[in-house]
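So that the names make sense, note that chain A is the first sequence line, chain B the second, and so on, each numbered from 1. Below, all heavy atoms of this structure are taken into account, side chains as well, without hydrogens, waters or symmetry copies. Computed from a predicted structure; not experimentally measured.
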Amino acid sequence: MKRAPFRLPAQIGERIDRSRTVSFSFEGRTYDGLAGDTIASALASHGVRVLSRSFKYHRPRGALTMAGQDANTLVQLTEEPNVLADTTPITGGLEVRGQNYSGSLAWDRDAWLNAVGRFLPVGFYYKAFYKPLGAWRRWEPVIRARAGLGEVNLDTAHRYYDKAYGFSDVAVIGAGPAGLSAALEAARAGLDVLLVEENPVLGGSLTYARFDADGALGRQRLAELASAVRAESRITVMTGAVCQGLLTENWLPIIQGNRLHKVRARQVVLATGSVEQPVVFRNNDAPGVMQGSAAQRLIRHYGVRPGRRAVVVTGNADGYGVALDLLDAGIEVAGILDLRATPPHEERTDAVRARNVAIYPRYAPWEARRSARGILKGLSAAPIVGHGKCEPADVRLECDLLCMSIGYAPTAQLLHYAGGSVVYDRAAATFAIKSAPAGVIPAGSLDGAYDLETAIADGRRAGMQAAAGLGAPSRGEPPAVRGKNASGWNHPWPIFPHPRGKDFVDFDEDLQVKDIRNAIAEGYDHIELLKRFSTAGMGPSQGRHTALSLARITAEATGRELEIIGATTARPPYSAEKFGHLAGRGFEPVRLSAMHHRHLEAGAEMMPAGLWLRPAYYGPKDRREAAIREEVEAVRANVGLIDVSTLGGLDVRGPDAAEFLNRMYTFAYANQQVGRARYVLMCDQTGAIIDDGVACRFHDWHFYVTATTGGADRVYQTMLWHNAQWRLDVDITNATAAYAGVNLAGPRSREVLAKLATDVDLSAPAFPYMGVRMGTVAGIPARLLRVGFVGELGYEIHVPASAGEALWDALLWAGAPLGIKPFGVEAQRLLRLEKGHIIVGQDTDGETHPYMADMGWAIAKKKPFFVGARAIEAQMKRPLQRKLVGFTLVDPAEPPPEECHLVIREGAIVGRVTSAAFSPSLSRVIGLAFVPPEQTEPGARFSIKVAGGRMIEAQVVKPPFLDPNNARQEG
Amino acid sequence: MKIMPCPLNGPRNITEFACAGEVRVMPDPAAASDAAWADYVFMETNGAGIVREWWCHLPTSYWFIAERNTVTDEIVHTYPAGDVFSARRDFAPKPGGGA
């Protein structure tokens, strides 16, 4: 195999496996990389420099950080847009394309946008496309197509994501020199430590940077620290894991692979490091211009030569470390531009001097020269004469690589999320930490420790501080850390505006120096306003490379101090995250009754009811209407069986049980006889109806109360809340899940039950309507309730949930000779409507009190108190606004109106339909509706506006529509 | 995410809890005017500073009282409702009313 032209010989600590070749394609062409390569490193090994095009001007872009911290390397995969090419590993057959171009990546048809850039000032879209009204709607698709990022592939297969929960005494974010040291100290103090590193291996800058002349120091420290961490059993290491936030009380969302870890830490050490900053000059975005650390990462991590002939722009000793790495990799260094007047004597600097590299003190990059395809081919350099000012360029250097090493800005996102802040530090010439909340301890270069030994000492200090914060025994005095926020690491003014622009402050959003100045001139001179108006720092890089330059330019333009200008804050997430990570596994809890599988076997169409699934009807969807009608007929003429396990069941026990129900429900329960059931209607404190059911008295001190399917939990909690204040002597148990229940209903239900109930006398005098009994049914202990929701002779039978299926089977077996039919919720709705029974929440709303629902009969007026009584009393001092009535349609041929169709009088809305259906038993449409009080007398007519705006006539009927004397259910 | 120190269940994620508003003592329904009752039902003080609130641990349906600083969102203290509502509450019978 032909070796990739830019691949170096083996490097110590490289992440690639030279024995395994991986083929992938980029822009339709096949390339060979090595296992462990990222998309960007594999392409760099073949000299491919352009990865994508920029968002606004479609300028070619290449690797900038090699650390996943910029938008230059966003590429499109077949199944995923906006993938970071510099951190995404290649896999066999991967298909990669660039983004933001029309035609081809190399020759973009929309590159003309670059030429008309001066007509696209900041705020252009806000200003140009908002008039006339509606213009934005026309322009938006055009602009989005030009400026949008990648394309979403809607055919992408579903992938698996999940979540995990974790706890640790100390979480250390970042496993560079400071983070490793902090983790060791905390673990040695006896604490459980979680060490989170976004790279695939430990070490941070130790894995790529050069700290001394021969490069041995970094390797040595890495070996020491990493092996000590691996040997420490108290440290859990997560690599390839990104901490996305630092939320209230140290709650950390950490993404690793397809899993979101939610970790609670008692103390958090932030050792997130710092980001190398770009130099602002003309064409500083050309592919080939990159951070010094990016070139080092290419060499050390991937064994890739980042160019053939390089120039280094620097203002500190690290830049000379970069130059040494380039020289060792066989790259010619055409020159070093040092922004300082006199580069001081220092180990790495002197080593470069000794290798006869041309050093240009007090020289700035003035203009990167680009090839026809927009790629770096040379540099014009100019002598610095003042603050960002240069004399005419007098040095021309040919180069295909330009490394920028002029300083750092702290990676302070997590600190910001936690409520900490940074402020510009004049001595350090960058942002420094101003405040950190309790339990959050910054360390390392995040906290201004740029020197290696200082960072290690600072990490130890932070680990000890975390241990002390948790009360761990002291292991000696923390090391004195000197030299933080020292000068010499960061150049105070690496900004060299060019008269012809293209001096980018923000690469994501293609913002130049003049864009920022213009926005300030327009009045957006507060850093946060400026950010929002100019969009500086709002792209995928989130201001990592922009915030410092933005503050500097603002300070210069406004004449205010940098300390006053401040820094823009950051908000989670730290990096892009997928909806899959947030969603995790589809987790929608569903409750199934004990008879669920019998319903499925019987062909039931299931419907959601609260968290439950209930049979809507039995039969195929295309037989829906017929199935419901047959079920209704079975109950009216013969016998039917419905699963009512989903109803709430509450056991209220104790000497105050009756008093308690008296207070919770509107009716009177003090004199209710044992063995009898009574209707219950619950209101909230505003008097609105919130639930109903029946209370069965099995003992002086014991009521079994049912609640609606959706309301059971709320009823239970409301009861507990009230009694927390009343302190009555009752015990309340939510027994909903403990019982399965059925309603056996129809004229022949007694006949069916008689076959199974051996010890309950079912005769009408012995077990009358609204009677309750305990006994056995088919040998199963049961609570039997003779209630009539559907208006027929019927028995609700509640048994332990474990016996629910057996009960169901026994009843169907016993009823089989009679032609028993299971019926669903739809049939039940119709059956109860024929009786005029309300469904709470359907026939009532948040303002319906009992009188409004025509249920004044359910209120015991003489008792001292019930929840809602006082509010109902106050409302009844005023005339009713509306009342619930039964109705039928004047034209018998008219189809039923739908729920929430409006009742109209003289053009005004005066009410609405709450339930309506065609009743097969009555051969006409029946329903319930809210109407004005003066239209409630039987026979009164009102108009309903139905679909299409048509008006139909309805007539008030006093419910129940069927069997007004209740002979059927009471027989 | 905040942690709520539940008097029954210990420290738990706050998503397991529901807040039911300020702790207020129900006025005597027989004596309170309509306006006073409406004030009790509908109006909250919404004060800045430490307030007493009802909280419910939903999985266990346990109600308790939390003192929370609404300015700093600090949970200062939590305790069982019985610490405040320590005695049985009864309502006076209505004139001519039964049980």
Between A/E249 and B/I3, is there a donor-acceptor pair closer than 3.5 Å when you use the side chain of the first and the backbone of the second?
yes
If you define the side chain from C-beta out and look only at heavy atoms, does anything of B/Y62 sit under 4.5 Å from A/L720?
no
What part of B/Y40 is in contact with chain A, defined as an atom under 4.5 angstrom from a non-hydrogen atom: side chain, backbone, both or neither?
side chain
Using only atom types and a distance under 3.5 Å, with no angle test, would you say the side chain of B/K94 pairs donor to acceptor with the backbone of A/K861?
yes
Given that the side chain runs from C-beta out, which part of B/A87 has a heavy atom under 4.5 Å from chain A: side chain, backbone, both or neither?
backbone
Do the side chains of A/F865 and B/R89 get nearer than 4.5 Å, heavy atoms only?
no
Looking at B/E44, I want to see if its CD is surrounded by more than 12 non-hydrogen atoms of other residues, nucleotides or ligands under 6.0 Å.
yes
Just checking B/Y79: does its OH atom have more than 12 heavy atoms from other residues, nucleotides or ligands closer to it than 6.0 angstrom?
yes
Inspect the surroundings of CD in B/E22 and state if more than 12 heavy atoms from other residues, nucleotides or ligands are less than 6.0 Å away.
yes
What are the residues of residues 699-716 of chain A, in order of number, with any heavy atom under 4.5 angstrom from a heavy atom of chain B?
A/Y716
Quick one: does A/T248's side chain get under 4.5 Å of B/M1's, heavy atoms only?
no
Mind ranking A/D729, A/L728, A/L247 by heavy-atom pairs under 4.5 Å with chain B and telling me who comes out on top?
A/L728
With only heavy atoms counted, which part of B/L58 is less than 4.5 Å from chain A, the side chain, the backbone, both or neither?
both
Please indicate whether A/R878 has more than 12 foreign heavy atoms, meaning atoms of other residues, nucleotides or ligands, lying under 6.0 Å from its CZ.
no
Quick one: sort the B/W63 and A/W721 rings into parallel, tilted or perpendicular, breaks at 30° and 60°.
tilted
Note, A/R870 side chain near B/D34 side chain (heavy atom, < 4.5 Å)
yes
Taking all non-hydrogen atoms of both residues, which atom of A/A724 and which atom of B/A81 are closest, and how far apart?
CB-CB, 4.0 Å
Rounded to the nearest 0.5 Å, how far does CG of B/D90 lie from CH2 of A/W726?
11.0 Å
Please state whether the side chain, the backbone, both or neither of B/T60 comes within less than 4.5 Å of a heavy atom of chain A.
neither
Partner chain B: residue of A/R663, A/E873, A/E659, A/K877 with the largest heavy-atom pair count (under 4.5 Å):
A/R663
At a heavy-atom separation under 4.5 Å, does A/D656 approach chain B through its side chain, its backbone, both, or neither?
side chain
Distance check, rounded to the nearest 0.5 Å: A/Y165 atom OH versus B/N13 atom CG?
8.0 Å
